Amino acid sequence: SKTGVSIIHVNVREEYTDLRPIWDNLRRKIDDARGDLPDDVRGPFVNDEFGDVFGILVTITGDGFTYAEIKEVADEVRDELLLLEDVAKVEIFGAQDERVFVEYNNARLAEYGLSPVQLMQLLEAQNIIIPGGSITTEFEKIVLEPSGNFESLEGIRRTVIQLPRSAQRDASGTSLTDLVFLEDLAEISRGYVDPPQSMARGKDGECLALAISMRKGGNIVELGEVVRPALERLEAFYPVGIDFDWVQFAPDTVADLVDGFVDNLLQAIAIVTLVMLVFLGLRTGLVVASLIPMAMLSTLLMMSVFSIGLDQMSIASLIIALGMLVDNAIVVVEGIQIRVESGLDRMKAASEVVSGTMWPLLGGTFVAILAFGALGFSQDSTGEFTRSL
């Protein structure tokens, strides 16, 4: 807590992974407590979206354009991007809130017998922003909107201020009322919140940043395939000076990871096939080498059944598993080959080898699974992150 603000941090216990019901319950409790707070309190506000991951980050700069003009561009681009299917949220960072500043001189206000509080009350009375009600007839309902709200800086400057001057009286002793414009009492200007609450800087200086997050269950590579052309089309629509710059583009990173995994898979198949052909012969080598694509296809099928996506952890898991896939096949095939070469019938040799090695091989595989399974079943944030392993 500090002057004017209090911040409460809430930590959820690590064994809970579905946070939405917890945040909803928290919001309900805060709403219940809202009535016990003083009238002048703003909030409380609940921020439960700090965990959003923004895979795409783009900066918008405008040479010769004001913050307000760049913000209009950012708003339009955000609205366009939200129409894309896989886009869940688009946040604008670095936007500067505009304000109208009324800068007065205490001595000048005192000359007219005004205090800053009185000046504020006079301006609030002039700027009518309350609803005017409605008129319901037999055929329609007419909504009334009172006039009087400020529409421009000039309108604020020309606001008429009534100044009671008790010191001035006419011949009959009645007090006179002076009428002056607000611009006679104060300087009116338009600017940005100072100091700024947040700022964004790119390689060309101050800018606005657009952060794009993907919907749950989306494909980040497919998201990049629609976002990139959309931004290129929008950039061409705006005048010279408005430039978009890619700061982060996760679809390319993920595509590189997937391509790297495919390269590893193809290299593994090629190396195993070559080694098996050299040392075990053509037929045996092809049988062992066929295990890798068969096991990978089976794994991908089971991943889809259990809704495990291709992410950095699951791709790393598949690469780790490549080195473990050929062991069992080599043991079985080599055992069959040795027995066949010693004169045993092929079917009998296969039956003996499989029945003699299946439990030891299953046990060895199960031990390897347990080594990684401890990570996946851990009831903390590490387990949540590595569960696809």
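Keep in mind it's a predicted model, so treat the numbers as computed, not measured. The figures here come from the full heavy-atom set of this structure, side chains too, leaving out hydrogens, waters and symmetry mates.
Looking at every heavy atom in both residues, Gln248 comes nearest to Phe54 through NE2-O, 3.1 Å. Here the shortest heavy-atom pairing between Ala349 and Leu344 reads CA-CD2, 3.7 Å. Looking at every heavy atom in both residues, Ile60 comes nearest to Ala74 through CD1-CA, 3.9 Å. Contact between Cys207 and Arg201 at its shortest, heavy atoms only, is SG-C, 3.7 Å. Residues Ser388 and Ser317 come closest through the heavy atom pair O-OG, 4.5 Å. Of all heavy-atom pairs spanning Leu84 and Val226, the tightest one is CD1-O, 4.0 Å.
Note: Arg13 CZ to Ile22 CD1 = 9.5 Å, rounded to the nearest 0.5 Å. In this structure, CG on Leu114 lies 6.5 Å from CG on Leu122, to the nearest 0.5 angstrom. One distance of note links CD1 of Ile135 with CD of Glu140; it measures 10.0 Å at 0.5 Å rounding. Atoms CG and OG1, on Asp243 and Thr61 in that order, are 4.5 Å from each other to the nearest 0.5 Å. Within the model, atoms CD1 of Ile70 and OG1 of Thr59 stand 10.5 Å from one another, a figure rounded to the nearest 0.5 Å. In this structure, OG1 in Thr159 is found 8.0 Å from CD1 in Ile188, a value given to the nearest 0.5 Å.
Taking a cutoff of 4.0 Å between a charged side-chain nitrogen and a carboxylate oxygen, Asp75 and Arg78 qualify as a salt bridge. A salt bridge between Asp184 and Arg108 is absent, with no side-chain N of the basic residue lying under 4.0 Å from a carboxylate O of the acidic one. In summary, Lys348 and Glu352 engage in a salt bridge, as defined by a charged side-chain N under 4.0 Å from a carboxylate O. A salt bridge does not link Arg28 to Asp32: none of the charged nitrogens lies less than 4.0 Å from a carboxylate oxygen.
The shortest side-chain heavy-atom distance between Glu235 and Ile242 does not fall under the 4.5 Å cut-off. At least one side-chain heavy atom of Met199 sits less than 4.5 Å from a side-chain heavy atom of Gln96. For the pair Ile336/Arg346, no side-chain contact is recorded, criterion being any heavy-atom separation below 4.5 Å from C-beta on. The closest side-chain heavy-atom distance from Leu83 to Asp79 is not below 4.5 Å. Side-chain contact between Phe385 and Leu375 is absent, with no heavy-atom pair separated by less than 4.5 Å. Taking 4.5 Å as the limit, some side-chain heavy atom of Arg233 sits within range of a side-chain heavy atom of Glu80. When side chains are defined from C-beta on, Glu103 counts as touching Ser189, because their heavy atoms get closer than 4.5 Å. The shortest side-chain heavy-atom distance between Val331 and Pro360 does not fall under the 4.5 Å cut-off.
With Thr365 contributing its side chain and Leu361 its backbone, the two residues share a donor-acceptor pair below 3.5 Å. Panel note: side chain Ser298, backbone Met294; a donor-acceptor pair is recorded below 3.5 Å. Looking at Arg387, its side chain does come within 3.5 Å of a backbone N or O of Ser378 through a donor-acceptor pair. Put simply, the side chain of Arg34 gets close to the backbone of Gly43: a donor and an acceptor are under 3.5 Å apart.
Tracing side-chain contacts under 4.5 Å through hydrophobic residues (I, L, V, M, F, W, Y), one never reaches Leu119 starting from Val117; they form parts of separate clusters. Follow the hydrophobic side-chain contacts under 4.5 Å out from Leu210 and you never reach Phe93; the two are in separate clusters. Both Val73 and Val90 are assigned to one and the same hydrophobic cluster, defined by single-linkage of ILVMFWY side chains at heavy-atom distances under 4.5 Å. In the hydrophobic cluster analysis, where Ile, Leu, Val, Met, Phe, Trp and Tyr join through side-chain heavy atoms closer than 4.5 angstrom, Val287 is grouped together with Ile271. In terms of hydrophobic clustering, with Ile, Leu, Val, Met, Phe, Trp and Tyr side chains grouped at heavy-atom distances under 4.5 Å, Met120 and Tyr104 are assigned to different clusters.
Annotation for Arg215: atom CZ counts as buried by contact number, over 12 foreign heavy atoms lying within 6.0 Å. Counting non-hydrogen atoms of other residues, nucleotides and ligands closer than 6.0 Å to CD of Glu187 gives a total of 12 or fewer. Enclosure of atom CZ in Phe366 is not indicated, since only 12 or fewer non-hydrogen atoms of other residues, nucleotides or ligands lie within 6.0 angstrom. At most 12 non-hydrogen atoms from other residues, nucleotides or ligands lie less than 6.0 angstrom from CZ of Phe139. Counting heavy atoms of neighbouring residues, nucleotides and ligands inside a 6.0 Å radius, atom CD of Glu85 does not exceed 12 of them. Counted within 6.0 Å of CD on Glu334, heavy atoms from surrounding residues, nucleotides or ligands total 12 or fewer; the atom is thus considered open. Counting heavy-atom neighbours within 6.0 Å of Leu144 CG, excluding the residue itself, gives a total above 12.
Ring geometry, Phe244 versus Tyr238: the interplanar angle falls from 30° to 60°, so the pair is classed tilted.
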> Should Asp31 and Arg27 be marked as a salt bridge (charged side-chain N to carboxylate O under 4.0 Å, His left out) after you check the CA-CA gap, both sets of side-chain angles, and the distance that decides it?
Replying inline: CA-CA 6 Å; Asp31 287 338; Arg27 286 181 181 276; over 6 Å; no
> Does the pair Trp246 and Ile56 meet the rule for a side chain to side chain contact (heavy atoms under 4.5 Å, CB included), with working shown?
Replying inline: CA-CA 8 Å; Trp246 301 94; Ile56 300 175; 3.8 Å; yes
>> Pair Val258, Val221 - check side chain to side chain contact (heavy atoms under 4.5 Å, CB included), show working.
In response: CA-CA 10 Å; Val258 175; Val221 177; 5.6 Å; no
>> One pair to check against side chain to side chain contact (heavy atoms under 4.5 Å, CB included): Tyr67 and Leu208. What are the steps and the verdict?
In response: CA-CA 8 Å; Tyr67 258 118; Leu208 294 184; 4.0 Å; yes
>> Could you go through Leu81 and Leu231, starting from their C-alpha distance and side-chain angles, then the distance that decides it, and tell me whether this counts as side chain to side chain contact (heavy atoms under 4.5 Å, CB included)?
In response: CA-CA 8 Å; Leu81 292 176; Leu231 286 175; 4.1 Å; yes
